[in-house]
Amino acid sequence: MPEGLEAAIYASAAAELVEHQITSVEVDERCGDINSLTSLVGDHICGVKRHGKRVALVTECAEVELYFAMTGRLIVNGVAPIAALEYGPANERREWDRLVIETDRGSLRVNDPRRWARFTLDPDWSNLGIDFMSPAQALGGALQTQCHRRCSIKTLLLDQHVIAGLGNMLVDESLFHAGIDPRTSCDSLSSVDVDGLAEHISAVVTELESRGGSHTGTLNPDLRRALAGCPLDGAPLQRMNISGRTTIFCSHHQR
DNA sequence: CGGCATGTTTCGCC
DNA sequence: AGGCGAAACATGCC
């Protein structure tokens, strides 16, 4: 999905519909249960929630989770807050609309060519870790409790049960700034290392938020594709698969 | 044209 | 038991 930063952008766009009354719901049956979602008709949207990469519309009777997977785009009142999603389609086709909610004063659509989007009534978010925009101290605390694990630090950061909202780009960017090799086993990091990493995560999140999204980092998609030199000194970057995800890092500056 | 892509879940194998 | 890797999902883009 878009990562947590994009979910936050989507959530604030969806907030435009607060206090509107839902007049119709159309859903691709492969992306959500038609019966439960159409039960929302008549409800008023009274708020929008976000935790990590998950967004939910709150009505007086229920909550609907909007999960965007990799290529889901939100369109509110005909406007896409993120016009061109990285790794998403260049154009938009109405046939890719997987959810359309009409209200008395506007509309919301989720457009996803890849059809991985999911819409769930009254979702259970209790298994998610703390939100990635939490203070650095809280992020560090969450990581400390998991440092006994022997998985790589990258795997830990991608685990939504530990910190919710970090995705592949934010994780690579954070580890680059922290100077930590993504393959490092969690249990070999000191508590000082972990707290320092949490500070870097927090700084990266704040910085990329101000720049406009997860794709605006030093290790941006253009650099990732081209595998250009290390932004610090031009030395060759490494590309490898970790935890099933393409990982870019500098073996000289990340140890 | 082949391989890759901001993600999650499931399954089989240590 | 728990963790890891591969596969599955589905389709546009480089």
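Chain letters run A, B, ... following the sequence lines, proteins first and then strands; every chain starts at 1.
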Position toward the 5' end of DNA chain C (nearest nucleotide), A:Trp116 or A:His148:
A:His148

Just checking, A:Arg73 and A:Phe68: is the charged tip under 6.0 Å from the six-membered ring centre and within 45° of the axis?
no

Please give, in whole Å, the distance from B:dC4 P to A:Ile248 CD1?
12 Å

Reckon A:Arg115 touches a base, only the sugar-phosphate, or nothing at all at heavy-atom distances under 4.0 Å?
sugar-phosphate

Write down the distance between CE (A:Met240) and C1' (B:dC4), rounded to a whole number of angstrom.
18 Å

Taking Watson-Crick (N1-N3 plus N6-O4 or O6-N4) and G-U wobble (N1-O2, O6-N3), each under 3.5 Å, can you produce the dot-bracket string of DNA chain B? Use [ ] for crossing pairs and | for inter-strand ones.
.||||.||||||||

Residue pairs passing the salt bridge (charged side-chain N to carboxylate O under 4.0 Å, His left out) test with at least one member in residues 22-48 of chain A, sequence neighbours excluded, are A:Asp28-A:Arg30, A:Asp28-A:Arg98

Tabulate below the donor-acceptor pairs under 3.5 Å that side-chain atoms of residues 248-255 of chain A make, not counting sequence neighbours, or state none.
from	atom 1	to	atom 2	distance (Å)
A:Gln254	OE1	A:Cys250	N	2.8
A:Gln254	NE2	A:Leu175	O	3.2
A:Gln254	NE2	A:Ile180	O	3.0
A:Arg255	NE	A:His252	O	3.4

Base, sugar-phosphate, or nothing: which does A:Arg118 touch, judged by heavy atoms less than 4.0 Å apart?
nothing

Using side chain to side chain donor-acceptor pair (under 3.5 Å) as the criterion, list what pairs up with A:Arg224, not counting sequence neighbours.
A:Asp172

To the nearest angstrom, how far is A:Leu223 atom CG from B:dA5 atom C1'?
16 Å

Salt bridge or not between A:Glu3 and A:Lys53? Use side-chain N to carboxylate O under 4.0 Å.
no

How would you give the extent of chain A contacts on DNA chain C, as first and last nucleotide 5' to 3' within a 4.0 Å heavy-atom cut-off?
C:dC4 to C:dC13

CD (A:Glu207) with more than 12 external heavy atoms under 6.0 Å
yes

Measure CD1/A:Ile163 against P/B:dT8 and give the value in whole Å, please.
14 Å

Inter-nucleotide C1' distance (B:dC1, C:dC9), Å rounded
22 Å

Between A:Ser243 and A:Arg239, the residue closer to the 5' end of DNA chain B by nearest nucleotide is A:Arg239

Numerically ordered, the residues 165-190 of chain A set in heavy-atom contact under 4.0 Å with DNA chain B is A:Gly167, A:Asn168, A:Met169

For A:Asn241 and for A:Arg149, find the nucleotide of DNA chain C with the closest heavy atom, then tell me which residue's nucleotide is more 5'.
A:Arg149

May I ask whether A:Trp96 and A:Val27 are part of the same hydrophobic cluster, defined by side-chain heavy atoms of I, L, V, M, F, W, Y residues being less than 4.5 angstrom apart, directly or through others?
no

Rounded interatomic separation in angstrom, taking CZ from A:Arg54 and C1' from B:dT8
7 Å

Would A:Asp112 and A:Arg115 pass as an ion pair if we require N to O under 4.0 Å?
no

Rounding to a whole Å, what distance do you find between A:Asp112:CG and B:dA5:C1'?
13 Å

State plainly whether the residues A:Arg183 and A:Asp181 are in salt-bridge range, i.e. N to O under 4.0 Å.
yes

Rounded to the Å, how far apart are A:Asp159 CG and B:dT9 P?
11 Å

Could you state the interatomic distance from OG1 (A:Thr218) to CZ (A:Phe176), rounded to the nearest 0.5 Å?
6.0 Å

Output yes when A:Glu65 and A:Arg50 qualify as a salt bridge under the 4.0 Å nitrogen-oxygen rule, no when they do not.
no

Could you go through the side chain to side chain donor-acceptor pair (under 3.5 Å) check for A:Asp193 and A:Ser190 one step at a time?
CA-CA 5 Å; A:Asp193 292 336; A:Ser190 70; 3.1 Å; yes

